Amino acid sequence: MRTPVIAGNWKMHNTVAESLKLVRELKALVLGVGGVEIVVAPVFTALGAVAAEIKGSNIALSSQNVFWEEKGAYTGEIAPGMLKDVGCTYAIIGHSERRQYFGETDETVNKRVKATLKAGLTPIMCVGETLAEREGGKTLEIVSRQVTGGLAGLSSAEIDKLIIAYEPVWAIGTGKTATPEQAEEVHADIRRLVGEIAGPATAAGIRILYGGSVKADNVDILMSQADIDGALVGGAALQADSFARIVKFETK
Ligand code: 13P
């Protein structure tokens, strides 16, 4: 039984005060909701304040990125242990915006995943193809390369602790959701690949989230797919009511 995960990636939005307002509203709306891991990923500057606000609640905290070294002369970077110290239990890694604008590669994603696991945080490792790659019939090839590269050198026990998020780049912030069938096809392929890498038990247990224009009105059908175990939500996570509705998804 895979516990679903609904994670809100707030991206580069919200001051500390705005983040607190949003998470307070959310906390009230999801009070008592169980059977789902609810995660928010504010900007770094709001992590401490949001951590204090959600203490003792059913909402968990994630960063949007993490560096792989523990400490040292790496100006501007933040170590996994520092994220844990501020109250994070998850770290988003390798988001397509980081791959696109900040030069992330499968190799750096892999380093971040390893360091994050070592610090005892749960990595949410993102993969996904661009529109050109999908139109060129390369979706499964690209996603396989990203998954294989991201998981390189990890044991099955380590992979057990990790979450994968499939986010087709063409569906992010565009309002174009992958159809449930398109998403399910890739999710099933990722699960098959994890089985090849880490064995059937790990494949059966790993959570694979879908991301890309997930909204209150399409989450139910997406979550009804056999291999979709949650959602990584951008825009719709910035409003407490729409994110709360996504958290309260209903499968058919
Ligand atoms: P949108 O939900 O805004 O499409 O963003 C998805 C995403 O990138 C979440 O990480």
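These figures come from a predicted structure and were not determined experimentally. Below, each value reflects all heavy atoms present in this structure, side chains not excepted, and no hydrogens, waters or symmetry copies. One-based numbering, in listed order, for ligands and for the atoms of each.
- Of the protein's non-hydrogen atoms, the one nearest atom 2 (O) of ligand 1 is Gly234 N, 2.9 Å.
- Taking every non-hydrogen atom of Gly212 and a distance limit under 4.0 Å, the qualifying atoms of ligand 1 come out as 4 (O), 6 (C).
- Of the heavy atoms in Ile172, both backbone and side-chain atoms come closer than 4.0 Å to ligand 1.
- Polar contact with ligand 1: absent for Lys215 (N/O pair, distance under 3.5 Å).
- Residue contact check: Asn9 has heavy atoms under 4.0 Å from atoms 9 (C), 10 (O) of ligand 1.
- Looking at Gly173, Ser96, Gly211, it is Gly173 that brings a heavy atom closest to atom 4 (O) of ligand 1.
- The pair Lys111-Glu107 fails the salt-bridge criterion, with no side-chain N (NZ, NE, NH1 or NH2) lying under 4.0 Å from an Asp/Glu carboxylate O.
- Side-chain atoms of Tyr210 come within 3.5 Å of backbone N or O of Ala178 as a donor-acceptor pair.
- Of all protein heavy atoms, the one lying nearest to atom 9 (C) of ligand 1 is Glu167 OE2, 2.9 Å.
- At a threshold of 4.0 Å, the pair Glu129-Lys138 does not count as salt-bridged, since none of the basic side-chain nitrogens sits closer than that to a carboxylate oxygen.
- Other residues, nucleotides and ligands contribute more than 12 heavy atoms inside 6.0 Å of the CD atom of Gln182.
- For atom 3 (O) of ligand 1, the nearest non-hydrogen atom from the set Gly235, Ala237, Gly8 comes from Gly235.
- Those atoms of ligand 1 that come under 4.0 Å of a heavy atom in Ser213, given as number and element, are 1 (P), 2 (O), 4 (O).
- Of all atoms in ligand 1, numbered sequentially from 1 with element shown, those under 4.0 Å from a heavy atom of Ala171 are 4 (O).
- Counting heavy-atom neighbours within 6.0 Å of Lys84 NZ, excluding the residue itself, gives a total of 12 or less.
- Ion pairing of Glu141 with Arg145 is absent here, as no side-chain N (NZ or NE/NH1/NH2) approaches a carboxylate O to less than 4.0 Å.
- Side-chain N/O atoms of His95 and Gln64 include no donor and acceptor closer than 3.5 Å.
- The protein non-hydrogen atom at the shortest distance from atom 5 (O) of ligand 1 is Lys11 NZ, 3.3 Å.
- One side chain, Thr108 or Glu104, offers a donor N or O that lies under 3.5 Å from an acceptor on the other.
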